[in-house]
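In what follows, a structure is listed as structure tokens, so that the remarks can point back to it.
In the text below, chain A, chain B and the rest are named by the order of the sequence lines, each starting its count at 1.
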Protein chains: 2
Amino acid sequence: MTAPTDRPTLDQVAERAGVGRGTVSRVINGSPQVSAHTRQAVEAAVAELGYVPNLAARALVTRRTDAVALVISESEERVFSEPFFAGVVRGISAGVSAAGRQLVLALAAGEERPLERYLTPQHIDGVLLVSLHGDDPLPELLRTRGLPVVLGGRPPSGYGGAYVDVDNIGGARAGVAHLIDNGRKRIATISGPRDMGAGQDRLAGYRAALTAAGLADDPALVVEGDFSEVSGLQAMRSLLACHPDLDAVFAANDLMAIGALRALRDAGRRVPEDVAVVGFDDSPLSRVTDPPLSTVRQPVEEMGREMAEMLLRLISGVDGDTHQSAVLPTELVVRASS
Amino acid sequence: MTAPTDRPTLDQVAERAGVGRGTVSRVINGSPQVSAHTRQAVEAAVAELGYVPNLAARALVTRRTDAVALVISESEERVFSEPFFAGVVRGISAGVSAAGRQLVLALAAGEERPLERYLTPQHIDGVLLVSLHGDDPLPELLRTRGLPVVLGGRPPSGYGGAYVDVDNIGGARAGVAHLIDNGRKRIATISGPRDMGAGQDRLAGYRAALTAAGLADDPALVVEGDFSEVSGLQAMRSLLACHPDLDAVFAANDLMAIGALRALRDAGRRVPEDVAVVGFDDSPLSRVTDPPLSTVRQPVEEMGREMAEMLLRLISGVDGDTHQSAVLPTELVVRASS
DNA sequence: TTGAAAGCGCTAACAC
DNA sequence: GTGTTAGCGCTTTCAA
């Protein structure tokens with residue numbers, strides 16, 4: 001048990017190794033400009049003393065902190081009620097720590113002011129932003145500060161920065177196509193918020209599938225939800241009221257699909273005999289519903305990892321392209337509900 | 001759009017305000033040793049220049065970083081499959097940022113070595129540890145380094161540090177008592193891992209309720225699971241095989257309760273007519289099962305918040321008591337399954 | 001009450 | 001190749 005406070009410094013290592021401070025610094029930072037012999041002496045001293053570099057001192061002079069921030073700008077409830085975030089965070093965490101950097105977590109529920117003060121190049125090397133709504137000015141603000149930024153999810157058109165997304169369009173198309181293949185003709189959708197890329201794209205995929213199959217794209221069969229379970233329940237109710245003849249519904253996420261399931265049960269409709277249901281997200285919830293929910297799986301963890309890696313690339317500047325993007329594939333999971 | 005890199009420094013503020021550097025520092029740090037007049041001048045200059053203190057420089061001299069680490073030492077899968085963590089993280093995040101500090105997130109899946117290098121007083125002011133298993137030496141190690149530590153969940157006996165827990169014993173007791181009140185006589189339990197406080201305590205609560213009601217505490221009715229759904233399924237199967245006469249089961253968490261529900265359905269047992277089920281956690285999953293799961297709600301978010309506040313108290317040293325603890329109440333939620 | 005000065009531990013530019 | 005030096009931006013004595 002060493003004394004808590006007095007950890008060895010660079011000069012102590014230097015003295016011990018019988019070299020100058022600069023040389024130790026070179027060894028620590030892996031500079032090739034050091035003879036093998038000296039390097040060994042230094043490494044020995046480092047090991048003996050249990051030396052660990054003081055990050056604050058290093059950050060002060062290099063103006064880099066080796067820390068990246070993850071900003072989740074989402075309402076309190078949704079951040080964790082949707083397993084989506086959990087997976088993304090896990091992937092990001094893995095990617096960031098694999099690069100030997102630290103992840104600073106910022107849940108920005110509304111009041112972003114204190115946060116903005118912190119999101120500057122002197123505190124952080126880059127920012128990961130997840131679940132952006134509408135035309136949030138934050139990413140652009142950060143970019144004008146010279147901070148590398150990577151978004152999770154497709155940003156509103158017009159944004160010129162980097163992002164990683166999953167194939168929402170393709171996933172939705174596959175889900176609806178599956179319904180069509182099973183002979184469904186009147187397929188409604190409970191869409192996501194129009195101010196989010198995921199909402200827009202899943203709706204687009206729904207339309208694309210209908211069009212591809214030569215089915216009419218009836219606007220009356222589209223009801224907008226907000227990704228919450230109650231919104232799904234209400235949407236399904238109104239759908240059932242106006243269009244009792246529908247035989248399938250594609251919900252833009254699992255939570256809303258579950259709400260729809262409830263509404264269908266309340267209305268005495270059988271699933272999938274009367275009405276087939278497909279959701280989106282492949283959340284754990286989808287396995288425990290009755291019947292289990294068919295849904296579209298998105299590789300959330302990979303998404304997080306890719307975000308981290310893209311950001312680190314931007315930070316190290318290995319490729320100057322600050323508006324690169326990646327879209328990860330999604331996959332339909334068929335269960336008893338469709 | 002200011003130039004990205006050259007943010008104002010303390011001296012620039014000092015010059016602008018026509019005072020010395022030290023004075024600006026005092027104002028920034030809220031020292032009372034400054035005349036109202038000077039303070040105003042400085043504050044004006046700060047506002048005009050948009051000055052933000054350089055944390056690295058400050059940390060270098062104060063030897064504090066204003067950052068606390070959250071270490072979740074849990075297997076990849078569980079961290080986020082259980083909503084428990086989500087809630088705790090949210091509470092912690094709120095508590096930490098309310099104090100103007102940053103939260104550094106570290107998911108320690110097994111390989112803790114790189115992490116340990118980082119968890120030192122020169123990088124972090126304190127550590128929050130969640131989901132400790134067995135007798136992990138990490139908390140003691142950190143404490144010998146002089147780092148304030150707060151644990152989430154009761155530590156193994158013998159640990160002398162601070163922690164926050166929920167009333168697992170009371171919650172389990174209430175769940176089982178409810179079963180007894182409804183006339184159940186042969187109540188089995190699927191317990192959690194024996195190497196975790198939560199597992200031990202929920203089992204203790206189960207036993208306490210039986211004893212209090214004068215029922216026999218039959219060891220054969222206790223099967224250990226690992227908090228996963230499949231373990232619950234298997235446990236229920238073996239329970240059913242050996243004790244077909246059981247009329248209720250208390251599962252130490254919702255995931256295992258869901259597994260049990262499945263096994264019961266597979267075995268043709270009706271819930272709750274034949275066998276009543278109670279879980280623990282009040283996860284969102286518990287609402288969508290068929291039938292909806294009765295379960296014990298734990299205030300996870302409050303737990304996180306309390307952890308953060310306790311740690312900040314330890315850091316600021318307002319009370320020297322480093323082995324304080326808090327236990328938050330739990331609450332039974334009765335649904336159709338019991 | 002306030003200014004000046006001395007570092008905190010490190011990197012990088014510059015000599016040798 | 002390696003030692004020396006000059007700061008990075010800040011807090012904190014120490015005088016005044």
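- The two residues Val52(B) and Gln122(A) have their closest heavy-atom pair at O-OE1, 3.6 Å.
- Side-chain contact of Glu140(A) with Tyr159(A): a donor-acceptor pair under 3.5 Å is absent, judged by distance alone.
- Side-chain polar atoms of Asp11(A) and Thr9(A) form a donor-acceptor pair below 3.5 angstrom.
- Applying the 4.0 Å criterion to OP1 and OP2 of dT11(C), one finds that Ser25(A) has a side-chain N or O inside that range.
- Atom CD of Glu15(A) has 12 or fewer neighbouring heavy atoms from other residues, nucleotides or ligands inside a 6.0 Å radius.
- Checked by atom type and distance alone, the side chain of Arg145(B) pairs as donor or acceptor with a backbone atom of Leu119(B) at under 3.5 Å.
- A salt bridge does not link Glu301(B) to Arg305(B): none of the charged nitrogens lies less than 4.0 Å from a carboxylate oxygen.
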Using nucleotides 5-9 of chain C, report all nitrogen or oxygen pairs with the protein that are shorter than 3.5 Å.
unit_1	atom_1	unit_2	atom_2	d
dA6(C)	N6	Arg21(B)	NH2	3.2
dC8(C)	O3'	Arg63(B)	NH2	3.1
dG9(C)	OP1	Arg63(B)	NH2	2.4
dG9(C)	N2	Ala57(A)	O	3.3

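- An angle of 40°, rounded to 10°, separates the two end axes of the helix from dT1(C)-dA16(D) to dC16(C)-dG1(D), each defined over five pairs.
- Asp66(B) contributes no side-chain N or O that, together with a main-chain N or O of Arg101(B), makes up a donor-acceptor pair within less than 3.5 Å.
- From the 5' end on, the contacts that DNA chain D makes with chain A at under 4.0 Å to a non-hydrogen atom open and close at dG1(D) to dG9(D).
- Between Ile28(A) atom CD1 and dC10(C) atom P there is a gap of 8 Å when expressed in whole angstrom units.
- Atoms CZ (Arg26(A)) and P (dT11(C)) sit 11 Å apart, rounded to a whole Å.
- Of the listed residues (Val130(B), Leu129(B), Val127(B)), just one forms a side-chain contact (heavy atoms from CB on, under 4.5 Å) with Leu70(B), and that residue is Val130(B).
- Under the 3.5 Å distance criterion, the side-chain polar atoms of Asp136(B) are left unmatched by any main-chain donor or acceptor of Leu132(B).
- Between Glu306(A) and Arg313(A) a salt bridge is recorded (basic side-chain N to carboxylate O distance below 4.0 Å).
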